[in-house]
Amino acid sequence: MAAAADFVVNKFTFTSEACTEAVPDKLCDRVADAILDACLEQDPEARVCCEATTKTSMVMILGEVVTKASVNYEQVMREAIRAVGYDSEDKGLDARTANIIVAIEESAPDLAQAMSGSKAIEEVGNGDMGIAVGYATDETPELMPLSQLYAAKLCAKMDEVRKDRSVPWLKLGGRAQVTLEYAEKADGSLTVERVRSITLSAPRSTDVKADQVEKDLVENVIMKVDGVSPKLLQGAVMKFPEPKLQTQTDVGMSGKQLAGDTYGGWGGSSSSSVSGKDGTKAARSGTYGARWAARSLVASRLCRRASVQLSYLPGSASPASVAVHSYGTGLKASGKTDAELADLLTRHFDFRPSSLQKELSLKTPQFQKISAYGHFGRSDATLAWE
C-alpha cells in the first residue's frame, strides 16, 4: 500500500517560456553583462549598474560605473552584438555599422569610498531597498523546475542548430514555451506527469514549407534535448508558429525577461533583474544567494522544494528578513517548519552582499556567458551558487 505522502492531492498545468540569445531583450542583457565583465576583468572592485536598450540599427547603454578600469564601451558593445549573430543590415542590426550610444556616468573609486565612509566593507549597505527570491525543487537533478529548464534547453538547442547550419533556414530570435502537467503529492512535492504542449516560435526563410519546419525542429531540437524522456513527450501538442520576419524591429531592453532568467514563474519574483549589475547590488548577490540557500535546503533533504525570500533596506548590509516557503515539504521531509528552516539559513548563511560576493565569486567576469538560457541549473558553466 502506498504511503500517505505518495497520494496525489492535486493536478495542474504550468507554463514557462524562454528566449534565444538574439531576441532583442536578451541581446540587451548580453550587452549590459558584457560591460560588467569588461569592467571586472580590469578591476574586480568595479561597481556597475548598466542598462541597455535597442531598436533597429541602434544599441544604447546607460547607467553608472565606478571603476579604475579603462573600458572601450563601444568596442565591447559591438563585440557582444556580433557574438549573437547580428552582422548584417538585413537582420535589422549590423555590429559594424550600428548606431552605438553610450550614456554612462563614470566616477572614481575614491568617490565610492567616501560615500561608504569609515564602515568596514562587510557593513556597507545595499544602497536601495529590494527583494531577492530563490527557488529549488527536487523534480530534476539540477534542482530546477522542469518547465523552465526544458524551455531554456530548447532555446539553447535552437541557437546551436542555427549556428552549425544543421537547420539552415532558421534565423535569429527564436522563443520556446512549454506547458507541463504536474501532480502534487500529499507531502507537497511535485512530479511531472507529461508534457502537454511545446511551442517553438522559429524565425525562418520565406521559402521553407510548414511540414519542413515541423520535421526539422522535432528531429533536430525537441528530440535532441536531454532531461525529458520520450514517455513524457507522448501525446504532446507541438506548435511552430511563424513570428515576425525581422526580430530587430522590436524594441529590446535589459532586465525584461526576468522569469526566463530565473525559474519560469515558479517560487515568486525578485524586485529587480540581475543584468548589468555587479555583486555589491542585492539584485545580483541577493538573487544568487537566495538560490544558493534554497538549493542547499533541497539538496540536504530538509525539504522537497523551497522558495527563499531575502529583503534588503537602504543603508543596511544584512537582510531585513529571511523567509522560507517549503510548500509543506519541510514538515514531511525533516520535521521542520518554514520558520525553523528560515532560522537555520539565518544562522548558517551570511547574506550580506559583500560576503556573497566573496563566497559566490561575484568579482569574477563570468556573466556575459550566462546572459541567455537562465542563470540557474546550468550544466555548461561552473557557477558557485549552483
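This is a predicted model, so every value here is computed, not measured.
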Verify whether one side chain among Gln177 and Thr15 offers a donor that lies under 3.5 Å from an acceptor in the other. no
Decide whether Glu51 and Ser254 meet the rule of one side-chain donor and one side-chain acceptor closer than 3.5 Å. yes
What about [X] and [Y], same hydrophobic cluster or not, with Ile/Leu/Val/Met/Phe/Trp/Tyr joined at side-chain heavy-atom distances under 4.5 Å?
X: Tyr182; Y: Tyr263; result: yes
X: Leu345; Y: Val133; result: no
X: Val228; Y: Phe14; result: yes
X: Phe12; Y: Val192; result: yes
X: Phe367; Y: Met77; result: yes

Ionic contact status for [Y] with [X], cut-off 4.0 Å:
X: Asp278; Y: Arg284; answer: no
X: Asp350; Y: Arg352; answer: yes
X: Lys209; Y: Asp216; answer: no
X: Lys157; Y: Glu160; answer: yes
X: Glu21; Y: Arg30; answer: yes
X: Lys215; Y: Asp211; answer: no
X: Asp343; Y: Lys336; answer: no
X: Glu64; Y: Arg47; answer: no
X: Asp87; Y: Lys91; answer: yes

Stepwise ring-ring contact (aromatic ring centres under 6.0 Å, His included) check, Phe240 with Trp169: CA-CA 14 Å; Phe240 310 98; Trp169 52 261; 9.2 Å; no
Return yes if some donor-acceptor pair links the side-chain N/O of Thr53 with the main-chain N/O of Gly252 below 3.5 Å, else return no. yes
Donor-acceptor contact below 3.5 Å, side chain Thr262 vs main chain Leu258: yes
With a 6.0 Å cut-off (strictly less than), is the heavy-atom count around NZ of Lys239, excluding the residue itself, greater than 12? no
Within a reach of under 6.0 Å around NZ of Lys363, are more than 12 heavy atoms found that belong to other residues, nucleotides or ligands? yes
List the atom pairs, donor and acceptor, that lie under 3.5 Å between side-chain atoms in residues 229-237 and the rest of the protein, sequence neighbours left out.
unit_1: Ser229; atom_1: OG; unit_2: Leu232; atom_2: N; d: 3.4

Cation-pi, Phe376 ring and Arg295 (6.0 angstrom, 45 degrees): no
With Trp292, which of Tyr135, Phe349, Trp385 fulfils ring pair (Phe, Tyr, Trp, His ring centres under 6.0 Å)? Phe349
